[in-house]
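For reference, the structure is listed below as structure tokens.
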Amino acid sequence: MKKISVTTELHVFDSLQEIPSDMISLMEQAIEVRKKAYAPYSNFRVGTAILLDNNQIILGSNQENAAYPSGLCAERVAIFHAGSVFPEAKIVKMAITAASDTNPTLSPIPPCGACRQSIAEYEIKQKQPIEIYFMGESGAVYKSDSLDNLLPFSFDKNFL
């Protein structure tokens with residue numbers, strides 16, 4: 001038997017004001033679109049802003065549905081919109097923020113598993129890592145240099 005060790009490296013910023021200046025604007029856009037989320041069931045709002053290599057910014061917020069599986073997370077709303085409108089563009093950076101209407105979210109909230117898999121698909125497709133910054137409604141901001149840090153052993157087309 002062998003043992004495999006997996007390490008994840010994230011950068012931790014104590015507040016929004018500490019992240020690189022170009023990311024502050026992107027995160028502020030994610031915060032604004034988070035407020036537009038349709039979340040009447042979970043009362044948990046998520047906003048995502050994506051910077052593409054063509055300098056376009058794509059926004060997305062979570063959109064819930066009474067038939068729960070029919071809703072879509074903010075990250076996938078933004079990624080799929082970017083892929084449909086700018087299919088040749090590469091995703092350079094993502095800013096993600098989450099807030100609850102009922103409980104404070106003061107620690108960074110990472111993308112869920114389904115969103116991680118969707119981000120992985122685009123990172124693999126474009127053969128370039130995506131910088132991912134994520135936070136709660138305030139407080140610390142985490143940065144991952146690549147989705148690989150958040151989803152080791154990802155499933156991709158090579159397994160098919």
Side-chain angles (χ1 to χ4, degrees), residues 6-39 42-64 72-152 154 156:
V6 178
T7 342
T8 295
E9 184 175 293
L10 300 174
H11 306 271
V12 178
F13 302 92
D14 289 331
S15 69
L16 181 60
Q17 291 69 35
E18 288 187 9
I19 66 176
S21 58
D22 63 325
M23 281 306 300
I24 291 175
S25 172
L26 200 65
M27 189 63 82
E28 287 173 344
Q29 291 180 67
I31 291 168
E32 284 306 308
V33 76
R34 180 188 76 206
K35 297 173 185 175
K36 298 175 183 176
Y38 180 66
S42 70
N43 296 307
F44 190 76
R45 301 174 187 282
V46 181
T48 299
I50 294 176
L51 173 65
L52 301 177
D53 66 351
N54 62 7
N55 289 319
Q56 294 291 317
I57 295 174
I58 305 296
L59 305 176
S61 60
N62 57 314
Q63 302 295 309
E64 294 182 350
L72 203 56
C73 300
E75 298 91 331
R76 286 181 285 155
V77 167
I79 289 169
F80 296 159
H81 182 72
S84 64
V85 177
F86 300 105
E88 301 306 317
K90 294 181 179 178
I91 299 170
V92 179
K93 299 178 183 188
M94 293 182 73
I96 305 165
T97 175
S100 169
D101 292 344
T102 56
N103 301 306
T105 53
L106 306 178
S107 59
I109 311 288
C112 74
C115 288
R116 291 178 199 203
Q117 183 63 41
S118 294
I119 297 166
E121 183 73 20
Y122 280 80
E123 195 170 271
I124 292 163
K125 171 188 164 200
Q126 68 187 30
K127 298 180 179 117
Q128 177 179 315
I130 299 169
E131 289 183 16
I132 304 168
Y133 290 75
F134 55 96
M135 65 181 289
E137 62 186 291
S138 63
V141 180
Y142 287 0
K143 175 196 174 200
S144 174
D145 291 328
S146 168
L147 190 273
D148 284 342
N149 287 317
L150 302 177
L151 186 65
S154 60
D156 66 47

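Distance CD/Gln56 to CG/Leu51: 9.5 Å, rounded to 0.5 Å. With values rounded to the nearest 0.5 angstrom, Asp22 atom CG is found 11.5 Å from Met27 atom CE. To the nearest 0.5 Å, the span separating CZ on Arg76 from CD on Gln63 amounts to 12.0 Å. Interatomic distance, CG of Leu147 versus CD of Glu131, reported as 13.0 Å (0.5 Å rounding). Within the model, atoms OH of Tyr133 and NZ of Lys143 stand 4.0 Å from one another, a figure rounded to the nearest 0.5 Å. Separation of atoms CG (Asn43) and OG1 (Thr102) is listed at 6.0 Å; rounding is to 0.5 Å.
Inter-residue side-chain proximity for Ile58 and Leu52 is flagged as met; some heavy-atom pair is nearer than 4.5 Å. At least one side-chain heavy atom of Ile31 sits less than 4.5 Å from a side-chain heavy atom of Leu16. Proximity of Phe13 to Pro20: side-chain heavy atoms (C-beta onward) are separated by under 4.5 Å at one or more points. Residues Tyr142 and Asn149 form no side-chain contact, since every pair of their non-hydrogen atoms from C-beta on lies 4.5 Å or further apart. The side-chain heavy atoms of Asn54 and Glu88, taken from C-beta on, include no pair separated by under 4.5 Å. Two residues are said to be in side-chain contact when any heavy atoms from C-beta on lie closer than 4.5 Å; Ile119 and Ile132 meet this criterion. Looking at Arg116 and Ser154, their side chains never come closer than 4.5 Å, going by heavy atoms from C-beta outward.
With no hydrogens or angles considered, a side-chain donor-acceptor pair links Glu123 and Ser146 at under 3.5 Å. Side-chain contact, Arg34 with Thr97: a donor N or O sits under 3.5 Å from an acceptor N or O.
What you find for Ser144 and Leu10 is that their closest heavy atoms are CB-CD2, 3.5 Å. Ser84 and His81 make their closest contact through OG-O, 3.0 Å (heavy atoms, listed as atom of the first residue, atom of the second, distance). Of all heavy-atom pairs spanning Gly83 and Tyr122, the tightest one is CA-OH, 3.9 Å. Here the shortest heavy-atom pairing between Thr105 and Ser100 reads CG2-N, 3.8 Å. In plain terms, the two heavy atoms of Cys73 and Cys115 that are nearest each other are CB-SG, 3.3 Å. When all heavy atoms of Lys90 and Gln128 are compared, the closest pair comes out as CD-OE1, 3.2 Å.
Looking only at distances, no side-chain donor or acceptor of Asn62 sits under 3.5 Å from a matching main-chain atom of Ala37. With Arg45 contributing its side chain and Ala99 its backbone, the two residues share no donor-acceptor pair below 3.5 Å.
Ile96 pairs in a side chain to side chain contact (heavy atoms under 4.5 Å, CB included) with only one of the listed residues (Ile109, Val141, Val46, Ile50), which is Val46.
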Trace of the side-chain contact (heavy atoms from CB on, under 4.5 Å) decision for Thr48 with Val77: CA-CA 9 Å; Thr48 299; Val77 167; over 6 Å; no

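Not counting sequence neighbours, the partners of Ser25 by the side-chain contact (heavy atoms from CB on, under 4.5 Å) test are Gln29.
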